[in-house]
Protein chains: 2
Amino acid sequence: MRAKAEATRERLLAAAKNLVMSKGFAGTSVDDVLKATDLTKGAFFHHFKSKADMAEQLMHWYAEGDMKMFRTFMAEAEAAHDDPMDQLMQFLTDFENYLTDPTNPPKGCMYALYTYEDDHFENDVKGFVADTLQTWTAMYIRKFQEVIDLYPPARPATAKRLAEMIVAMIEGGLILERAYKNPGMTARQSEQFREYLELLFPTAAERKAA
Amino acid sequence: MRAKAEATRERLLAAAKNLVMSKGFAGTSVDDVLKATDLTKGAFFHHFKSKADMAEQLMHWYAEGDMKMFRTFMAEAEAAHDDPMDQLMQFLTDFENYLTDPTNPPKGCMYALYTYEDDHFENDVKGFVADTLQTWTAMYIRKFQEVIDLYPPARPATAKRLAEMIVAMIEGGLILERAYKNPGMTARQSEQFREYLELLFPTAAERKAA
DNA sequence: ATTAACATACCAACTGGTCGGTATGTATGA
DNA sequence: TCATACATACCGACCAGTTGGTATGTTAAT
């Protein structure tokens, strides 16, 4: 029984995610979610004590899946290469392939969405979004620091700056992707960032050429 | 009397802009706007034939102000320098100063906001947002092409890619700025982008040093 | 005297949320 | 083992408040 209940909860969350991603949080009504799942008010308020509670659970659920994916990509990249620059490059190309893969539209980032509707959310939720973005950034920082320690950058650069840069480029890419309905935009940003890295760490490029 | 009417319309739009920027479009009710302006339903529906119509007028109004600002920055930069690289750099630093200036929070980009709530808007509005972003990008493309024509890039680069890159970085920066409540994030993205340009166009940097 | 520019009163539909009820599970004890 | 006792999972009617929108004023400028 508990397994079926969890399945129901995830059905609600999955439907909510799709709706929220295309209509926003305030624009998505509880009834919308119920229509999409063929469930009723009773079910909804059994699993969530309010709509705001759903928002919180939805964000945690989303972040969990999101972070797991990134960690998997990173672990694979680290297993495949010893050199941190190689690891980073593979991570980014893997991510680009994932973005290019014609999976379930509409694409977008729920952190960004919550950020642009933040008046509706409790400080807990806003803090969680910020923390998650920080964790994401921190993953990059660690890797960039390894690269910087190994290869002198052609111009002064900090790991933090580079990490924030790629995160911003991805977020911005997703916006352009939605606005233009052009599925390739985000991956192109990642590609362009790799171009920058090649220029910034010339000795890493030479090493590979050798 | 017509002047007073236009003033009322702008009062409504200005209030709507602030509210929409912090609560989203669906999250902002007509009553919210009226409460903020001390006006009534009669006034609102005299100026806008529906809430959706307000959304459209709001976007046009916003884009007009936005584009005017960018054109002003660009005109100033072009008046101050002959070299396109110098023009570009001043444009970016001017923009950074504007972003850093502690003006009216909350910061953010209405194009991004509409993009993340696009289910509520007519195709007209969505198309307009896309067109405006394209126009913004096209301004950069023109300038980057001038730079590329003059200084050979250290690695293959197209004006279009670079233009999309800076637009994405700004959009992403604004998201991080909101999420972290850190007013400096967006300007930092622009700075970092200039760092990239210095690397990409080394001969331009040499020319300046000489 | 018209008309533009607003105010006021009101409406049907929808909003998030509650509540009593039911069916189906699970734990316990004799 | 099998009835008792309770908990979980869900249903659907209902509620008060809010939503966008309208119909009918009133006032003031042209």
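The model shown is predicted, which means the values in this text are computed figures rather than measured ones.
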From [options], pick the nucleotide closest to the side chain of [X]?
X	options	result
A:Ala43	C:dC6, D:dC10, D:dG21	D:dC10
B:Thr40	C:dG16, C:dT8, C:dA4	C:dT8
B:Lys41	D:dG20, C:dT18, D:dC10	D:dG20
B:Ser50	D:dT8, D:dG21, C:dC6	D:dG21

Query - Validation row, ring centre A:Phe25 to ring centre A:Tyr116 under 6.0 Å - result: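 Centroid separation for A:Phe25 and A:Tyr116: 6.0 Å or greater.
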
Would you kindly give the [atom1]-to-[atom2] distance between [X] and [N], to the nearest whole Å?
X	N	atom1	atom2	value
B:His47	C:dA4	NE2	C1'	10 Å
B:Glu6	D:dA29	CD	C1'	18 Å
A:Phe44	C:dC19	CZ	C1'	17 Å
B:Phe45	D:dG21	CZ	P	5 Å

**Report entry** Residue among B:Leu174, B:Thr100, B:Ile175 satisfying side-chain contact (heavy atoms from CB on, under 4.5 Å) with B:Thr186
**Finding:**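 Considering B:Leu174, B:Thr100, B:Ile175, a side-chain contact (heavy atoms from CB on, under 4.5 Å) with B:Thr186 is found only for B:Leu174.
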
Query raised in the report: Does a nitrogen or oxygen in the side chain of A:His46 sit under 4.0 Å from OP1 or OP2 of D:dA9?
Result: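 Answer yes for this pair, as a side-chain N or O of A:His46 is under 4.0 Å from OP1 or OP2.
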
Requested in this report: Taking only the side-chain nitrogens and oxygens of A:Thr8, find out if one of them lies under 4.0 Å from OP1 or OP2 of D:dA9.
Outcome: no

Report task. Give me the one residue out of A:Glu76, A:Lys143, A:His81 that meets side-chain hydrogen bond (donor to acceptor under 3.5 Å, both in side chains) with A:Gln87. Result -> A:Lys143

Query raised in the report: With under 30° as parallel and over 60° as perpendicular, where do the rings of B:Phe73 and B:Phe91 fit, or are they tilted in between?
Result: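 Perpendicular, since the angle between the ring planes exceeds 60°.
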
Query raised in the report: For DNA chain D, which residues in residues 24-34 of chain B have a heavy atom at a distance below 4.0 Å?
Result: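 Nucleic-acid contacts, sorted: B:Thr28, B:Ser29, B:Val30, B:Asp31.
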
**Report entry** Side-chain donor-acceptor contact under 3.5 Å, B:Asp149 with B:Gln145
**Finding:**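 Yes, side-chain donor-acceptor contact under 3.5 Å.
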
Query raised in the report: Hey, are A:Gln57 and A:Asp53 close enough side-chain-wise for a donor-acceptor pair under 3.5 Å?
Result: yes

